[in-house]
Number of protein chains: 2
Amino acid sequence: MWRDETGRSLADYPHPSVAVDVALLTVVDGALQVAVHRRAGHAAGELALPGTFVRIDETLAAAALRALREHIGVTGRSPEQLRVFDDPDRDDRGRVLAIAHVDLVPRDVLDDDVGLVAVDRRPRLTFDHDAMVAAAAEHVRARYRRDPDPAGLLGAAFTLAELQGLHEAVLGAPLPKDTFRRHVLADLEPTGGVRTGTVGKPARLYRRAG
Amino acid sequence: MWRDETGRSLADYPHPSVAVDVALLTVVDGALQVAVHRRAGHAAGELALPGTFVRIDETLAAAALRALREHIGVTGRSPEQLRVFDDPDRDDRGRVLAIAHVDLVPRDVLDDDVGLVAVDRRPRLTFDHDAMVAAAAEHVRARYRRDPDPAGLLGAAFTLAELQGLHEAVLGAPLPKDTFRRHVLADLEPTGGVRTGTVGKPARLYRRAG
DNA sequence: TATGGTTGGCGCAGAAGTGAGCTAATAGGG
DNA sequence: CCCTATTAGCTCACTTCTGCGCCAACCATA
């Protein structure tokens, strides 16, 4: 074990605790929603994002996935970092740095009893979790502005109308049909198939271009 | 002091140490450059970004500013977070999470003996500091694509040519003159003055619009 | 004081992007 | 089996954007 010139290891110096909090987002009822739960133990009863302390030999992604599993019984996909929340008074238990994460998953990986609230009409959350949800929504919205379906919420093949519906749900605003199609087409390739069994002219199916 | 049901405080649980590393950027010779120093103590002699461990009651910004002061004698402006580097093996002294920061300052706040290397032609840095510099450059380049002069490197009043030169230095690529002007003009307001004492037709002076 | 060199910035033609409307292609009902 | 409702997706007129070229305004020099 490494020791400095005074004989102390890193852990001998007082240092902040580190937590992860995860804004788990999904699309339900044509709107972006975030999973919340009521805390037990400290700050019991308060609405909060799933979170946990980071263990000493754990990566942040592993801690984020563990928080999702332990608090809401969900297997996350690929949590991404947002930023560190470092207000010295943010947690009355002591000095805690919270690393906010976001993960976007399809609705069907969540149990029915997971609490969901729409990000644009959400109740107050405890700690600084409101700011985390705002940052999470902004993050996925920016990603969907750049790429057709970065989180892979649609399956292998989808129609342009299905993709537009997803984008409108994520962004929380309607999009102009023609412009939307022209933009995403550059990043898609047709599968050759069409969506049948629907009313109207059958729509071509596309996949993400490689 | 808060204690859990087993009588332990937060600090009683083993948890990672937290460090900040700062990519201090500036523009010299028409190119984006980053301040580096040769480490003393651990990993002595290696080229690295200024960094330090975060003290328990310190904000991240305060730790970042302290790292700049202690290692290269510079007063930073406003360090911004990039992301957390959490590879378990990134530091052989123990478990350390490093929170990378970026700060962009004018050349004249740096002493002449501060080591500077161009971000696009830089030598290998130690730890994961290469990835931090890459993230820092990408961050400031993205900001300069959005805003005329977010870091305020130019003074209160400047010409469009001066602003374009700054952008080309930050981005590391030439920009089309007319398109550049039209885009930034939306976020600027003329001061009414002109830049005199130069060759050619005097250029109008602008300031950031409020 | 005139003249040439140099840089700022505007106008205009062509390119690119946008959105409304029209045609195509299917399901379902009479 | 035909007709209608409905949705997909193309076409075309219009708007916006881009970049070249030209004129303007100043300094330096003779």
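Lettering follows sequence order; numbering is per chain, from 1.
Across every non-hydrogen atom of A:Phe180 and A:Leu160, the tightest pair is CE2-O, 3.9 Å. What you find for A:Pro106 and A:Leu153 is that their closest heavy atoms are N-CD2, 3.5 Å. Nearest heavy-atom pair across B:Leu68 and B:Gly76 is CD1-CA, 3.8 Å. The two residues A:Arg124 and A:Leu47 have their closest heavy-atom pair at O-CB, 4.2 Å. Closest heavy-atom contact between A:Asp21 and A:Gly51: OD1-CA, 3.3 Å. Between B:Val27 and B:Ala169, the closest heavy-atom pair is CG1-CB, 3.6 Å.
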Please tabulate, for the side chains in residues 93-104 of chain B, all donor-acceptor contacts under 3.5 angstrom to protein atoms that are two or more places apart in sequence or on a different chain.
residue	atom	partner	partner atom	Å
B:Arg93	NE	B:His42	ND1	3.3
B:Arg93	NE	B:Asp91	OD1	3.0
B:Arg93	NE	B:Asp91	OD2	3.3
B:Arg93	NH2	B:Asp91	OD2	2.7
B:Arg95	NE	A:Ile56	O	2.9
B:Arg95	NH1	B:Asp86	O	3.1
B:Arg95	NH1	B:Asp87	O	3.4
B:Arg95	NH2	A:Glu58	O	2.8
B:Arg95	NH2	B:Asp86	O	3.2
B:His101	ND1	B:Ile99	O	3.0
B:Asp103	OD1	B:Ser78	N	3.2
B:Asp103	OD2	B:Arg77	N	2.7
B:Asp103	OD2	B:Ser78	N	3.2

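Interface limits on DNA chain C: the 5'-most and 3'-most nucleotides within less than 4.0 Å of chain B heavy atoms are C:dT6 to C:dC10. Taking a heavy-atom distance under 4.0 Å as the criterion, the stretch of DNA chain D touched by chain B extends 5' to 3' from D:dT18 to D:dC27.
At distances below 3.5 Å, at least one donor-acceptor pair connects side-chain atoms of A:Thr26 with backbone N or O atoms of A:Val105. The main-chain N or O of A:Val18 is never found under 3.5 Å from a side-chain atom of B:His15 such that the two would form a donor-acceptor pair. Using a distance-only test at 3.5 Å, with no hydrogens or angles considered, no donor-acceptor pair links the side chain of B:Gln164 to the main chain of B:Arg181. Under a 3.5 Å cut-off, the side chain of B:Gln81 and the backbone N or O of A:Val84 do form a donor-acceptor pair. The backbone N or O of B:Thr179 sits less than 3.5 Å from a side-chain atom of B:His183, completing a donor-acceptor pair.
Remark: B:Glu189 engages B:Arg207 in a side-chain hydrogen bond (donor to acceptor under 3.5 Å, both in side chains) (not counting sequence neighbours). Remark: B:Thr52 pairs with B:Arg66 by the side-chain hydrogen bond (donor to acceptor under 3.5 Å, both in side chains) rule, at least two apart or across chains. Residues forming a side-chain hydrogen bond (donor to acceptor under 3.5 Å, both in side chains) with B:Asp120 (at least two apart in sequence, or on another chain): B:Arg141. Scanning for side-chain hydrogen bond (donor to acceptor under 3.5 Å, both in side chains) contacts around B:Asp149 gives B:Tyr144, B:Arg208, with sequence neighbours left out.
Two residues are said to be in side-chain contact when any heavy atoms from C-beta on lie closer than 4.5 Å; B:Pro79 and B:Leu65 meet this criterion. Residues B:Glu46 and B:His129 are not in side-chain contact: their nearest non-hydrogen atoms beyond the backbone lie 4.5 Å or more apart.
Residues from residues 198-208 of chain A that place a heavy atom under 4.0 Å from any atom of DNA chain D, listed by number: A:Val199, A:Gly200, A:Lys201, A:Pro202, A:Ala203, A:Arg204. Across residues 158-169 of chain A, not one residue has a non-hydrogen atom less than 4.0 Å from an atom of DNA chain C. Only B:Pro176, B:Asp178, listed by number, bring a heavy atom of residues 171-178 of chain B to less than 4.0 angstrom from any atom of DNA chain D. Of all the residues in residues 179-188 of chain B, B:Arg181 reach under 4.0 Å from DNA chain C with at least one non-hydrogen atom.
The OG1 atom of B:Thr191 lies 9.5 Å from the CZ atom of B:Phe158; values are rounded to the nearest 0.5 Å. Atoms CZ and CD, from A:Arg122 and A:Gln33 in turn, are 12.0 Å apart once rounded to the nearest 0.5 Å.
Listed by first residue number, the stems of DNA chain C with at least three Watson-Crick or G-U pairs below 3.5 Å are C:1-30 with D:1-30.
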